Colleague: 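One structure coming up, written as structure tokens, with questions to follow.
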Number of protein chains: 2
Amino acid sequence: MTEDIHTRLNEFIKKKGLRSTPQRNAIVDTIFESKDHFTADELWERIRKTNSKASRATLYRTLSLLVEAGLLQEIDLGEDQKTYDPNFNNSPSHNHLICVDCGYVTEFEDNHLELLNDCLTRRMGFRPVRQSIRIEACCEMLRTKGSCPNLIKARVEGKRLPKKR
Amino acid sequence: MTEDIHTRLNEFIKKKGLRSTPQRNAIVDTIFESKDHFTADELWERIRKTNSKASRATLYRTLSLLVEAGLLQEIDLGEDQKTYDPNFNNSPSHNHLICVDCGYVTEFEDNHLELLNDCLTRRMGFRPVRQSIRIEACCEMLRTKGSCPNLIKARVEGKRLPKKR
DNA sequence: ATAATTGCAAAGCTTTTGCAGCGAG
DNA sequence: CTCGCTGCAAAAGCTTTGCAATTAT
């Protein structure tokens, strides 16, 4: 899993005449050891719990590098901070359903959706490059049963919930 | 056009026990006199060209108010700054095609797309609240003819073009 | 009169950057 | 030995906020 990422990163690094460093590798490992979306700050917390040490500056510089190398993608989850998504490498289509009750994000794919997007794009005189669907929705289980595992998990983890509107 | 907005805003203001002020009204007028998306800073420039005067603080406070009142929507155009969209009031569905060559944004609607989104959302156990599609695409006309009116317009207006990736 | 609103300047937050020293190739 | 990388602290952007004065109702 992470080996693949390292291989691809090393290719990029070599091509650009850059260098491999322990800090960079530690950050990359930390990012890709999970499939979760994260903000720079959340990543910083995860790094701090590691025995590897890297500065915030290096963290930001590495994030930019990974995005430039195409190994990481910035996504919009309606948060104030930039959010990064580490697993679009394995799934070309990248759509997110965001729960307005708890902020939980579900990634999904759908061939019909992609096809339709593709057609619409061409009809408007463009060639598709990247497409993402963002769906905000409320949890049916929470409405009918009064609770939802994702919400409970979010509370336990102390995540700040979406601001109501 | 703008009257409708003012009416709806006044309702909101009354309901909340707030007050109507010249600054607020000037900002609202400036926002809705155009259909363009804008950032806080772009709006600030537009305000400055007006003979009305309002501070940046009031501008930000008014933006929050309008979003809270549901008259303005924050959207994500892949920019660093928050972008606001003034015309989702007239079109319930809100999808954006962003040109990666010049940053030009096309708003579009499509019934099939909405229907499909709706089905997918329900299948995942949620009830749809809001959905937006973001398509990044490159301009076919620019590829085939070597130029594109939107790109020329963007250059003339001195807009900063999308960073290439 | 009363309480919301405004403008200013200061503070807050996230992210970027200049620079001297360090370290990979 | 070179030149990229790192950490630090300072700076940069954008946005928010405390406060005294102002103003709508």
Side-chain angles (χ1 to χ4, degrees), chain A residues 6 9-31 37-48 50-69 72 74-84 160 163, chain B residues 6 9-31 37-48 50-69 72 74-84 160 163:
Chain A
H6 277 293
L9 180 58
N10 285 335
E11 270 175 37
F12 182 82
I13 279 182
K14 189 176 293 175
K15 199 174 60 189
K16 285 270 207 170
L18 308 179
R19 288 170 191 178
S20 166
T21 68
Q23 290 91 332
R24 210 116 90 174
N25 292 328
I27 293 170
V28 171
D29 287 340
T30 307
I31 290 175
H37 304 123
F38 60 90
T39 62
D41 215 56
E42 286 163 357
L43 179 58
W44 175 243
E45 283 307 317
R46 284 167 58 190
I47 296 280
R48 277 166 38 109
T50 310
N51 42 19
S52 58
K53 70 252 163 295
S55 67
R56 261 200 152 85
T58 299
L59 185 153
Y60 279 109
R61 286 189 272 234
T62 303
L63 284 175
S64 303
L65 187 73
L66 289 171
V67 170
E68 195 193 336
L72 196 59
E74 281 179 22
I75 58 171
D76 174 57
L77 260 30
E79 300 290 320
D80 291 336
Q81 287 171 261
K82 279 182 193 164
T83 308
Y84 296 89
R160 54 181 167 189
K163 37 191 172 188
Chain B
H6 277 293
L9 181 58
N10 285 335
E11 270 175 38
F12 183 81
I13 279 181
K14 188 176 294 176
K15 198 174 59 188
K16 285 271 209 172
L18 308 179
R19 289 170 191 180
S20 165
T21 68
Q23 290 92 332
R24 212 119 87 175
N25 292 328
I27 293 170
V28 172
D29 287 340
T30 306
I31 290 175
H37 305 122
F38 60 90
T39 61
D41 215 55
E42 286 162 358
L43 178 59
W44 175 243
E45 283 308 316
R46 284 166 59 192
I47 296 280
R48 276 166 40 107
T50 310
N51 42 18
S52 58
K53 70 254 163 293
S55 68
R56 261 200 151 85
T58 300
L59 185 152
Y60 278 109
R61 286 188 273 233
T62 304
L63 284 176
S64 302
L65 187 72
L66 289 171
V67 170
E68 195 193 336
L72 196 60
E74 282 179 23
I75 58 172
D76 173 56
L77 260 31
E79 301 290 320
D80 290 337
Q81 287 171 259
K82 279 182 194 165
T83 308
Y84 295 89
R160 54 180 167 188
K163 37 191 173 188

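Hydrogens, waters and symmetry mates are skipped; everything else that's a heavy atom, side chains included, is used. Residue numbers start from 1 in every chain, and the chains themselves are labelled A, B, ... in the order their sequence lines are given, proteins ahead of strands. All of these numbers come straight from a predicted model, not from anything done at the bench.
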Colleague: Regarding B/Arg61, tell me which of base, sugar-phosphate or nothing describes its non-hydrogen contacts under 4.0 Å with the strands shown.
Modeller: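 Touches a base.
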Colleague: Do the side-chain N or O atoms of B/Tyr60 get closer than 4.0 angstrom to the phosphate oxygens (OP1, OP2) of D/dT16?
Modeller: no
Colleague: Where is the tightest heavy-atom contact between A/Thr83 and A/His37, given as atom of each residue plus distance?
Modeller: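 It is CG2-CB, 3.9 Å.
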Colleague: Nearest to the side chain of A/Lys82, which nucleotide is it out of C/dT15, C/dG23, C/dT2?
Modeller: C/dT15
Colleague: Give one of base, sugar-phosphate or nothing for B/Lys53, where a contact means two heavy atoms less than 4.0 Å apart.
Modeller: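 B/Lys53: backbone/sugar contact only, no base atoms under 4.0 Å.
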Colleague: Are A/Asp29 and A/His6 side-chain neighbours, meaning at least one heavy-atom pair lies under 4.5 Å?
Modeller: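 A/Asp29 vs A/His6: side chains touch.
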Colleague: Taking for each residue the nucleotide of DNA chain C with the nearest heavy atom, is it A/Ala40 or A/Ser20 whose nucleotide lies nearer the 5' end?
Modeller: A/Ala40
Colleague: Would you please confirm or rule out a distance under 4.0 Å between OP1 or OP2 of C/dG7 and any side-chain N or O of B/Thr58?
Modeller: yes
Colleague: Taking only side-chain N and O atoms of A/Gln23, does any of them lie within less than 4.0 angstrom of OP1 or OP2 on D/dG7?
Modeller: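 So the side chain of A/Gln23 is within the cut-off, an N or O lying under 4.0 Å from OP1 or OP2 of D/dG7.
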Colleague: Starting at atom CG of B/Asp41, determine the distance to atom P of D/dC14, rounded to an integer number of angstrom.
Modeller: 6 Å
Colleague: Does A/Arg24 put a side-chain nitrogen or oxygen below 4.0 Å from OP1 or OP2 of D/dC5?
Modeller: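 Answer yes for this pair, as a side-chain N or O of A/Arg24 is under 4.0 Å from OP1 or OP2.
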Colleague: Closer than 4.0 Å, any side-chain N/O of B/Thr21 to the OP1 or OP2 of C/dT6?
Modeller: yes
